[in-house]
2 protein chains.
Amino acid sequence: MNTKHKDYETPGVTVDLAIFTVNSAKLKVLLVKRAEEPFRGQWSLPGGFLIHDESLDNAAQRVLKEKTAVQNVYMEQLYTFGHPKRDPRARVVTIAYFALIPWKRLAQPASEKIVDLSWADVDALPKLAFDHKAILNYAIQRLRAKASYSNIVYGLMPKQFRLSELQSMYEIIIHDKLDKRNFRKQMLATHLLEETGKKDATGAHRPAMLYQFKKMKIAFFN
Amino acid sequence: MNTKHKDYETPGVTVDLAIFTVNSAKLKVLLVKRAEEPFRGQWSLPGGFLIHDESLDNAAQRVLKEKTAVQNVYMEQLYTFGHPKRDPRARVVTIAYFALIPWKRLAQPASEKIVDLSWADVDALPKLAFDHKAILNYAIQRLRAKASYSNIVYGLMPKQFRLSELQSMYEIIIHDKLDKRNFRKQMLATHLLEETGKKDATGAHRPAMLYQFKKMKIAFFN
DNA sequence: TGTGCTTAGTGTTCATTGTACACTTAGTAT
DNA sequence: ATACTAAGTGTACAATGAACACTAAGCACA
């Protein structure tokens with residue numbers, strides 16, 4: 001258990017977050033412009049070193065709150081990346097998380113002010129620092145996979161929404177068109193949705209019933 | 001990026017392995033009796049500190065080889081555990097892996113000799129050191145889940161086998177009986193199996209055709 | 001006020017997949 | 001030759017998934 005043996009080492013331990021939202025029909029991820037070496041000036045995933053007495057989940061929550069000012073959103077541990085050369089200066093192992101935030105919950109004016117933060121379209125990413133491109137690809141893959149067999153997409157929806165909005169969210173994530181009638185049938189069959197009684201009368205057309213989730217809990221279909 | 005800041009710390013980083021095999025119709029996991037404090041004398045999952053210039057996967061492979069003398073078996077990263085108090089003496093973050101080994105590939109005489117190693121029945125586990133019980137439960141859950149929607153069970157089979165043996169393996173993992181005719185239909189429909197032409201004529205009954213996997217690659221059904 | 005535009009909302013048919021179920025075959029043992 | 005054991009095989013029915021088009025309700029504008 002002696003961590004000072006010459007062959008052993010105590011790598012730095014960080015958490016990195018792939019924080020997703022959807023806006024303007026595009027899947028976006030939060031990027032941070034690095035203020036320090038290495039990769040100064042390049043875009044990267046938000047992250048930070050593990051702090052004393054803080055669990056991994058807590059560290060991820062802390063970073064999330066620092067960068068987005070939101071809490072209580074869907075977050076899960078993704079994978080741990082530890083290639084010896086992933087940081088050019090020192091050995092750093094990073095535990096990657098991914099999080100989902102409904103666009104409406106983001107304080108847009110505040111985050112727009114911070115020039116070093118950017119919600120980047122995942123289909124038009126800049127060059128990223130470290131191995132963050134690989135981490136992000138892994139996160140996107142997981143998000144897309146889970147969207148097709150769970151209700152993880154719930155994490156991106158506002159409190160109340162039209163079924164057509166929910167369908168659009170699925171379509172954006174899985175990159176495919178869905179049949180309106182089948183989609184509604186399936187969603188209502190899960191009994192995870194409930195009518196609010198309210199109607200959304202915006203637009204020059206028939207108003208839509210607003211729905212909400214009975215409780216925000218991730219369920220698995222099949 | 002300064003890891004010496006007072007609030008930061010560089011925790012120890014280990015890998016721990018849940019190494020499974022099946023023998024006598026029971027799912028077994030490899031345990032190691034701890035020779036040192038903390039938890040001296042208690043059973044634990046095999047593991048070890050990360051070594052300089054070694055990737056996480058390599059570290060896991062190293063531990064696997066040290067304890068079982070096998071290589072080239074199915075292994076995947078499971079989850080990373082980092083509760084601040086999971087090791088009573090120092091902060092240690094551990095990246096858990098799980099591995100599957102066909103019983104026949106284990107050099108039984110050699111491993112039996114080592115009194116500090118034990119293949120424990122997962123339904124009759126001793127008290128485990130650290131949070132290894134939680135890690136193991138997580139691993140078992142993942143194994144059972146994956147068995148039902150992938151061909152991960154392949155990792156537990158010998159080179160050649162009867163279909164009835166493959167069915168038994170599934171039944172042991174998922175803890176349920178399967179229909180013989182439906183099972184065979186489904187397995188052959190994947191086209192991942194091929195007849196060897198050989199027959200296994202052991203036992204006082206009709207000999208069975210021996211099958212093998214076309215290539216050991218994990219596929220997903222559904 | 002009525003005509004056109006837009007999105008909301010709704011069922012049925014058909015194809016595919018999954019599930020339940022029982023008898024014959026080929027060998028060994030006695 | 002008879003009994004025992006596991007191997008091997010097909011069909012009918014149920015459940016699920018996929019394709020598909022029209023009516024309803026509101027707004028805008030002439």
Side-chain angles (χ1 to χ4, degrees), chain A residues 22 24-25 145-151 153 157-158 160-212 219-222, chain B residues 22 24-25 145-151 153 157-158 160-212 219-222:
Chain A
V22 169
S24 306
K146 273 194 137 155
S148 62
Y149 64 83
S150 82
N151 63 347
V153 166
M157 299 299 294
Q160 301 193 339
F161 47 86
R162 298 174 292 160
L163 285 183
S164 60
E165 291 172 319
L166 183 58
Q167 182 177 343
S168 295
M169 191 61 82
Y170 271 91
E171 290 175 339
I172 290 161
I173 303 301
I174 66 177
H175 250 192
D176 203 1
K177 286 283 168 198
L178 297 171
D179 178 87
K180 180 162 66 159
R181 276 175 291 189
N182 292 337
F183 178 80
R184 286 165 172 254
K185 226 182 305 172
Q186 290 160 23
M187 286 299 123
L188 297 175
T190 64
H191 297 292
L192 296 169
L193 291 177
E194 61 188 4
E195 296 187 355
T196 61
K198 289 186 245 172
K199 297 219 172 198
D200 175 6
T202 60
H205 52 78
R206 177 174 176 176
M209 173 64 70
L210 288 175
Y211 287 80
Q212 63 191 7
F220 293 90
F221 310 144
N222 290 6
Chain B
V22 169
S24 306
K146 273 194 138 156
S148 62
Y149 64 83
S150 81
N151 63 349
V153 166
M157 299 300 292
Q160 303 195 336
F161 48 85
R162 299 173 294 163
L163 286 183
S164 61
E165 290 172 320
L166 183 59
Q167 183 178 344
S168 295
M169 191 61 81
Y170 271 91
E171 291 175 339
I172 291 161
I173 303 301
I174 67 177
H175 251 190
D176 204 0
K177 286 285 168 195
L178 298 171
D179 178 86
K180 180 162 65 158
R181 278 176 291 192
N182 292 337
F183 178 81
R184 288 167 171 252
K185 228 181 305 172
Q186 290 161 21
M187 286 298 123
L188 297 175
T190 64
H191 297 290
L192 295 169
L193 291 176
E194 61 188 3
E195 295 187 356
T196 61
K198 289 187 246 175
K199 298 218 168 194
D200 175 4
T202 61
H205 51 79
R206 176 172 176 175
M209 173 64 69
L210 288 175
Y211 286 81
Q212 63 191 8
F220 294 90
F221 312 143
N222 290 8

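Chain letters run A, B, ... following the sequence lines, proteins first and then strands; every chain starts at 1. Because the structure is predicted, anything quoted here is derived from the model rather than measured.
- Between A:Asn182 and A:Pro207, the residue whose closest nucleotide on DNA chain D is further toward the 5' end is A:Asn182.
- Between A:Phe183 atom CZ and D:dA19 atom P the separation is 16 Å, expressed in whole Å.
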Practice problem: Show your working on side-chain hydrogen bond (donor to acceptor under 3.5 Å, both in side chains) between B:Gln167 and B:Lys180 and close with a plain yes or no. | Solution: CA-CA 8 Å; B:Gln167 183 178 344; B:Lys180 180 162 65 158; over 6 Å; no
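- B:Met157 pairs in a side chain to side chain contact (heavy atoms under 4.5 Å, CB included) with only one of the listed residues (B:Val22, B:Asn151, B:Leu166), which is B:Leu166.
- Closest to the side chain of B:Ala208, from the set D:dG8, C:dG11, D:dT11, is D:dG8.
- If you check distances only, the side chain of A:Lys185 does reach the base of C:dT12 with a donor-acceptor pair under 3.5 Å.
- At a cut-off of 3.5 angstrom, the base of D:dC27 holds no donor-acceptor pair with the side chain of A:Arg206.
- Taking atom CG of residue B:Asp200 and atom P of nucleotide D:dA7, one finds them 9 Å apart after rounding to whole Å.
- B:Ser164 has a side-chain polar atom (N or O) that falls below the 4.0 Å cut-off from OP1 or OP2 of D:dA7.
- Nearest to the side chain of A:His205, among C:dG27, D:dG26, D:dT9, sits D:dG26.
- A donor-acceptor contact shorter than 3.5 Å is absent between the side chain of B:Ser150 and the backbone of B:Ala147.
- Following rounding to the nearest Å, B:Arg181 (CZ) and C:dC23 (P) show an atom-to-atom distance of 10 Å.
- In this structure, CG of B:Asp179 is placed 14 Å from C1' of D:dA12, rounded to the nearest angstrom.
- Distance B:Gln167 CD to D:dG8 P: 12 Å, rounded to the nearest Å.
- Between B:Lys199 and A:Lys199, the residue anchored closer to the 5' end of DNA chain D is B:Lys199, taking for each the nucleotide with the nearest heavy atom.
- When the P atom of D:dA25 is taken as reference, atom CZ of A:Arg162 falls 18 Å away, rounded to whole Å.
- On a pure distance criterion of 3.5 Å, no polar donor-acceptor pair joins the side chain of B:Lys177 and the base of C:dT19.
- One N or O on the side chain of B:Glu165 and one on the backbone of B:Arg162 form a donor-acceptor pair closer than 3.5 Å.
- Under the 3.5 Å distance criterion, the side-chain polar atoms of B:Gln212 are left unmatched by any main-chain donor or acceptor of B:Glu195.
- Whole-Å rounding puts the B:Glu165 CD to D:dT5 C1' distance at 15 Å.
- Among the protein residues, B:Arg184 comes within range of the nucleic acid bases, having at least one heavy atom under 4.0 Å from a base atom.
- Rounding to whole angstrom units, NZ of residue A:Lys180 and P of C:dT6 are separated by 14 Å.
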